[in-house]
Structures are given as structure tokens and as C-alpha cells.
Asks: 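One structure, as C-alpha cells, below. Some questions next.
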Amino acid sequence: MERVIAHIDIDYFYAQVEEVENPALRERPVAVCVFSGRTEDSGVVATANYRARELGVSSGMPIALARRKLEGKDPVMIRMDHAKYEVISERVMQILRAEADVLEQTGIDEAFLDLTKRAGSDYEAARATAEGVKRSVFDGEHLTCSVGIGRSKVVAKLASDKAKPGGIVIVPPDATMSFMKDLPVADLYGVGPKSSEALRGLGIGTIGELAACQLSSLEKTFGRKFAVYLHDAANGADADPVTENKGPSQLMRVITLKQNTTDAETSMEQLAEAVADLRRRLQSQNLSFRTVTAIAILTDLSTKTRSKTFETPIDDLSIVESDILDLFEDLSGSVDREFRRVGIRVSDLRSDQDQSSLSEFLQPAK
DNA sequence: CCCTCGATCAC
DNA sequence: CCTCATATCGAGGG
């Protein structure tokens, strides 16, 4: 059965949320920023509205640079408020869930919807659904979004990209190749700077060229698994299903140090809040972990890690704080540069079943 | 098979 | 001037 997959992406999400909250911002360039706290303006832009984008501001740009570009343009630099966006995201996902056979959230502001059943594999019916989705998100949250529809996740995502901002792009199965063939390989999900460069080395610049390439000639450069993915993706034939989200398999927090250092104690002190936060998140989601990792991002922005795996799952992060200190000390001794940022990761997560209530369930108290 | 680590991607 | 979080892969060592 021909699948009908939609990808929904809320337009410039964080900045649009701020606009909805304060409509006067719509007339001005807005950049939602992650201030790292190192100096007044250190940090990056997370999202900018289109007015700011027209002036050259983009995601990931240093705040100081964005400020220069917006000088004299009545700019608004807003501190990112993740908790606020999370609440709104959840409400949007709730709205989307009602429109899909299966929903897979892939970011705070985007999701895949499998529409195969409700559209009966009919791409005209899918158009009606797409319009309905946009209307319900706008009616419910006053947010605009972009929708792409295609026969696979890769095609749907590509289509929503082309629909931005605020549009709908539908790619019926038989139009897949004509839609994709002239697009640069870098537009494909999963193909970043490194892979594009490697493909360019093979004389492959467009998705059409990639689609025409022998699988075997990709394997040498990319390994079996990624080669198969590239080949399928470029042919609009990736079979990856839309699946409901499962719980996370890792949680992490990274902070930027006030000053560069190699000192483990200093790192731990400044990580205290992050550790407490991770601890809360583990507790609230009822999760245990088996592996804890100390992360150091050095002054050259390279990453070094040291990890430790425990025999039995740990349900309280504070129990292993001394182990974390040890890991940072190990890192200190093994690097020749200072740390710029540090972080903690817990992985190999599992939800710890509440033993008491389980036994009560199996053997009710008399 | 398990563990560790770095790389890559993309949010 | 350079944030933060997640998933996945492959290599290398046991």
C-alpha cells in the first residue's frame, strides 16, 4: 500500500511563540537567544523571525554578530525560555495527534504524521488533511506551520522544507523524482557538511545524481548501512516507518564555564545545577541509568568524554557524584587544552518499575 | 557480546 | 565569536 506521510514544522517556532505572546514584535526583527552567561552577549541565536532573517540573522549565529547585523533596525533579543516553548509544543502535538494514524515527534516543533489510512492512500484527500491541520494549529495556538507530504519520511521532510514558511507542498508518488532530482544532496535529511563533501568528491552534487549512483560505489566511502540509506533516500524509497516515540535512551546537560579551566572540582561546582536538573528529570520520569559520562568541550571546540558503566541501574544521580568527579579528573589528565564547556550524560536508561506497587498489584494487600 | 570513545547530524 | 540535546554508527579493545 502506498504510504502517505506528512511532515509538519512550526514556522520559526520560538520567535513565533514570542510574537503570539506580544504581537507588537511582528513589526520588528526578533532573535531568540541562548545566552551562555560567559559575557554579556556570548551565546548564539536559536531562532529568528523572518524580519531578522532578511537582515542576515540565522540560527546558530553568535549573538554579538546578530546584534551587529541588526544595529539600528529596532531589534529584539529575547532569552530563550525552553519551559514555555515545551508547554506550547505539547499542546500542538496534542492537536496533531488527533489528525494522524500515527504521530512521531522529531523535535520540539516538528513531527511526522502517517496519514495512509485516513487518506486511503489518496494524495488529494491528504491535501484536505494538511489544510485541516494548519487550520487547527492556527485556531488552537495562533501558530502557522509548514506541511510537506510524500511517500516517505525523507520526501515529506524535503517537501515541508520547500513549503516554508506557512505553505503546503504535496509530492504525489509519481512526482517524487521530478521533485527531488535537481535538489542538492545536502537537502537530504542526514546529509550534513561532511557527507556532502564526501559526495562531492565522488562527483555527486544533486539528489538525482545520487539516485542514479550504484549502491556498491557508495559502500566504499560510507559503509554498508549509510550507503543503503543514501541510495534509498535519494530514490524516495526509504522505508523507515513513522513510529510513536519511545522514551529517551539518554539525557544530558552541558554548560559553558565562566572561565576556561582544566580543573575537575571547578567543573563539578559549576555543574551543580545541571546535575540537580538531571536528577530531577530522572526522578520525574522514573528512570534509572547504567552509564554516566563526563563531557568536556575544549577551547578548540573538540569534544572529549569519559564514561563509567555500573553493574546495576542507578536511580539517583547524586549517588555517583564522586564517580563523576573521577571521570573529570581523568579528562583533565588526558587533554592538552582547557575546557570551555562541560557536561554530564546518563545513558542506558530504563524505567524502573515501581517494585512496591508491582507486588501490591500481584498480591493485593489484605 | 559488552564497553568506550569519537564523529556526524540536526534541533 | 562559537548553545544545547539526542540518536546512531563504526572502530577499537576486551
Side-chain angles (χ1 to χ4, degrees), chain A residues 7 9-10 12-14 31-47 57-69 79-82 85-86 89 104-111 153-154 157 161 185-199 219 221-230 233 240 243 245-257 260 271 274 277-278 281 290-311 327 330-331 334-335 340-349:
Chain A
H7 183 260
D9 198 323
I10 308 171
Y12 61 103
F13 181 50
Y14 302 156
V32 175
C33 304
V34 185
F35 291 97
S36 70
R38 163 167 283 224
T39 64
E40 176 89 12
D41 258 0
S42 63
V44 296
V45 174
T47 309
V57 174
S58 58
S59 304
M61 174 178 288
I63 294 167
L65 179 54
R67 248 193 225 290
R68 255 175 274 147
K69 296 201 179 258
R79 176 178 302 276
M80 176 163 137
D81 181 351
H82 199 270
Y85 311 135
E86 196 65 57
S89 165
E104 179 177 351
Q105 186 176 345
T106 52
I108 193 166
D109 65 342
E110 57 180 86
K153 282 184 176 180
V154 168
K157 170 107 179 155
D161 260 355
V185 288
D187 281 6
L188 280 178
Y189 182 85
V191 177
K194 298 290 181 181
S195 310
S196 320
E197 190 50 40
L199 284 165
E219 282 180 352
T221 313
F222 298 104
R224 174 77 192 168
K225 194 125 185 174
F226 192 50
V228 168
Y229 169 76
L230 286 174
D240 187 23
T243 48
N245 300 84
K246 34 184 185 43
S249 63
Q250 63 180 53
L251 295 174
M252 74 192 296
R253 273 295 308 261
V254 175
I255 60 141
T256 299
L257 293 161
N260 297 342
L271 272 169
D277 177 51
L278 272 186
R281 284 159 69 188
R290 273 189 64 222
T291 303
V292 62
T293 304
I295 303 166
I297 294 140
L298 310 185
T299 50
D300 66 348
L301 299 187
S302 63
T303 302
K304 288 233 166 243
T305 62
R306 286 293 180 272
S307 62
K308 177 166 182 170
T309 298
F310 300 96
E311 196 68 39
L327 292 168
D330 188 358
L331 277 173
S334 71
V335 299
R340 178 186 172 89
R341 306 168 62 213
V342 289
I344 310 255
R345 170 167 59 220
V346 288
S347 53
D348 202 346
L349 298 181

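Every heavy atom of this structure was used, including side-chain atoms; hydrogens, water molecules and symmetry mates were not. None of the values given here were measured: they were computed from a predicted structure. Chain A is the first sequence line, chain B the second, and so forth, proteins listed ahead of strands; every chain is numbered from 1.
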Asks: Provide the closest heavy-atom pair for Val45(A) versus Ala31(A) in the form atom of the first, atom of the second, distance.
Replies: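 Here Val45(A) and Ala31(A) meet closest at CG1-CB, 4.1 Å.
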Asks: Tyr85(A): what forms a ring pair (Phe, Tyr, Trp, His ring centres under 6.0 Å) with it, not counting sequence neighbours?
Replies: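 In terms of ring pair (Phe, Tyr, Trp, His ring centres under 6.0 Å), with neighbours along the sequence ignored, Tyr85(A) is linked to Tyr14(A).
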Asks: Could you tell me how far apart Arg341(A) (CZ) and dC2(C) (P) are, to the nearest whole angstrom?
Replies: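 After rounding, the gap between these two atoms is 11 Å.
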Asks: State plainly whether the residues Lys157(A) and Asp161(A) are in salt-bridge range, i.e. N to O under 4.0 Å.
Replies: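 Looking at Asp161(A) together with Lys157(A), the answer is no, because their closest N to O distance does not fall below 4.0 Å.
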Asks: Quick one: list whatever passes side-chain contact (heavy atoms from CB on, under 4.5 Å) with Gln105(A), sequence neighbours left out.
Replies: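 Result, side-chain contact (heavy atoms from CB on, under 4.5 Å) vs Gln105(A): Ser89(A), Met93(A), Asn245(A).
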Asks: At under 4.0 Å between heavy atoms, what does Leu301(A) touch on the DNA or RNA strands: base, sugar-phosphate, or nothing?
Replies: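 If one applies the 4.0 Å heavy-atom cut-off, Leu301(A) turns out to touch a base.
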Asks: If only atom types and distance count, is the side chain of Arg340(A) paired as donor or acceptor with the main-chain N or O of Leu298(A) below 3.5 Å?
Replies: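 Not a single qualifying donor-acceptor pair exists.
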Asks: Whole angstroms only, please: what is the CD1-C1' distance between Ile63(A) and dT3(C)?
Replies: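 One finds 8 Å between C1' of dT3(C) and CD1 of Ile63(A), rounded.
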Asks: Identify, with sequence neighbours excluded, every residue that meets side-chain contact (heavy atoms from CB on, under 4.5 Å) alongside Val34(A).
Replies: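 Here the qualifying residues are Val44(A), Ala46(A), Met80(A).
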Asks: For a quick check of understanding: with a heavy-atom distance under 4.0 Å over all strands, which category does Ile297(A) fall into, base, sugar-phosphate or nothing?
Replies: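 Result for Ile297(A) = nothing.
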Asks: Tell me if the CD atom of Glu86(A) is crowded by more than 12 foreign heavy atoms within 6.0 Å.
Replies: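 Count over threshold, so yes.
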Asks: Determine the contact category for Val44(A): base if any of its heavy atoms lies under 4.0 Å from a base atom, sugar-phosphate if only primed atoms, P, OP1 or OP2 are that close, otherwise nothing.
Replies: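 Counting heavy atoms under 4.0 Å across all strands, the contact made by Val44(A) includes a base.
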Asks: Considering every strand and a 4.0 Å limit on heavy-atom distances, what is the contact class for Thr293(A): base, sugar-phosphate, or nothing?
Replies: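 Thr293(A): no heavy atom of the nucleic acid under 4.0 Å.
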Asks: Return the residues of residues 189-196 of chain A meeting this criterion: a heavy atom under 4.0 Å from some atom of DNA chain C. Order them by number, or give none.
Replies: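 Listed by number, there are none.
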Asks: Establish, from distance only, whether the side-chain atoms of Arg306(A) and Ser334(A) form a donor-acceptor pair under 3.5 Å.
Replies: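 Yes, Ser334(A) and Arg306(A) have a side-chain donor paired with an acceptor closer than 3.5 Å.
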Asks: In whole angstrom, give the distance that lies between atom CZ of Arg340(A) and atom P of dT3(C).
Replies: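 Going from CZ in Arg340(A) over to P in dT3(C) covers 5 Å.
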Asks: Mark up nucleotides 6-14 of chain C, 5' to 3', with B wherever a protein heavy atom is under 4.0 angstrom from a base atom, S wherever such an atom reaches only the sugar-phosphate, and - elsewhere.
Replies: BBBSS----
Asks: Would you kindly give the CD1-to-P distance between Ile344(A) and dC4(C), to the nearest whole Å?
Replies: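 Those two atoms, CD1 and P, are 14 Å apart.
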Asks: Looking at residues at least two apart in the chain, or sitting in another chain, which of them share a ring pair (Phe, Tyr, Trp, His ring centres under 6.0 Å) with Phe222(A)?
Replies: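 Ring pair (Phe, Tyr, Trp, His ring centres under 6.0 Å) list for Phe222(A), sorted by chain: Phe226(A).
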Asks: Identify, with sequence neighbours excluded, every residue that meets side chain to side chain donor-acceptor pair (under 3.5 Å) alongside Gln250(A).
Replies: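 Gln250(A) satisfies side chain to side chain donor-acceptor pair (under 3.5 Å) with no other residue.
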Asks: Mind checking if Ser59(A) touches a base, just sugar-phosphate, or nothing, with heavy atoms under 4.0 Å?
Replies: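 The answer is nothing, as Ser59(A) stays clear of every strand by at least 4.0 Å.
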Asks: Which distance, rounded to the nearest 0.5 Å, do you find between the CZ of Arg281(A) and the CZ of Arg253(A)?
Replies: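 Result: 7.0 Å between the selected atoms.
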Asks: Between Asp277(A) and Ala64(A), which has a closest nucleotide on DNA chain C that is more 5'?
Replies: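 First, find each residue's nearest nucleotide; the 5'-ward one identifies Ala64(A).
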Asks: So do the side chains of Thr106(A) and His7(A) get within less than 4.5 Å of each other, counting heavy atoms only?
Replies: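 When only atoms from C-beta onward are counted, His7(A) and Thr106(A) do touch, with a gap below 4.5 Å.
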Asks: Does the side chain of Thr303(A) come within less than 4.5 Å of Ile295(A)'s, by heavy atoms?
Replies: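 With C-beta onward as the side chain, the pair touches.
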Asks: Of all residues at least two apart in sequence or in a different chain, which pass the side-chain contact (heavy atoms from CB on, under 4.5 Å) check with Thr256(A)?
Replies: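 Result, side-chain contact (heavy atoms from CB on, under 4.5 Å) vs Thr256(A): Ser36(A), Arg38(A), Arg341(A).
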Asks: Walking along DNA chain B from 5' to 3', note the first and the last nucleotide with an atom under 4.0 Å from a heavy atom of chain A, and give both.
Replies: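 So the contact region on DNA chain B extends dC3(B) to dC11(B).
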Asks: Round to the nearest Å and state the distance from Arg67(A) atom CZ to dC1(C) atom P.
Replies: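 So the two atoms are 14 Å apart, to the nearest Å.
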Asks: Nearest whole angstrom, please: distance from the P of dT3(C) to the CZ of Arg38(A).
Replies: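 In whole Å, dT3(C) P and Arg38(A) CZ are 8 Å from each other.
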Asks: Could you pull out the closest heavy-atom pair between Ser307(A) and Thr291(A), with the gap in Å?
Replies: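 Scanning both residues, the minimum pair turns out to be CB-CG2, 4.1 Å.
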Asks: Give the stems involving DNA chain C, where a stem is 3 or more consecutive Watson-Crick or G-U wobble pairs (i with j, i+1 with j-1, and so on) under 3.5 Å.
Replies: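 Expected stems, ordered by start: B:1-8 with C:7-14.
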Asks: Would you please name every residue forming a side chain to side chain donor-acceptor pair (under 3.5 Å) with Lys153(A), sequence neighbours left out?
Replies: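 Applying side chain to side chain donor-acceptor pair (under 3.5 Å) to Lys153(A) gives Glu104(A), Asp240(A).
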Asks: How close or far is atom C1' of dC2(C) from atom CG of Leu257(A), stated in whole angstroms?
Replies: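 In whole Å, dC2(C) C1' and Leu257(A) CG are 14 Å from each other.
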Asks: Could you check which residues of residues 302-311 of chain A get a heavy atom under 4.0 Å from DNA chain B? Sort them by number, please.
Replies: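 DNA chain B contact set from residues 302-311 of chain A: Lys304(A), Thr305(A), Arg306(A), Ser307(A), Lys308(A), Thr309(A).
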Asks: Looking at CZ of Phe13(A) and OG1 of Thr47(A), how far apart are the two atoms once the value is rounded to the nearest 0.5 Å?
Replies: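 Going from CZ on Phe13(A) over to OG1 on Thr47(A), the span is 9.0 Å.
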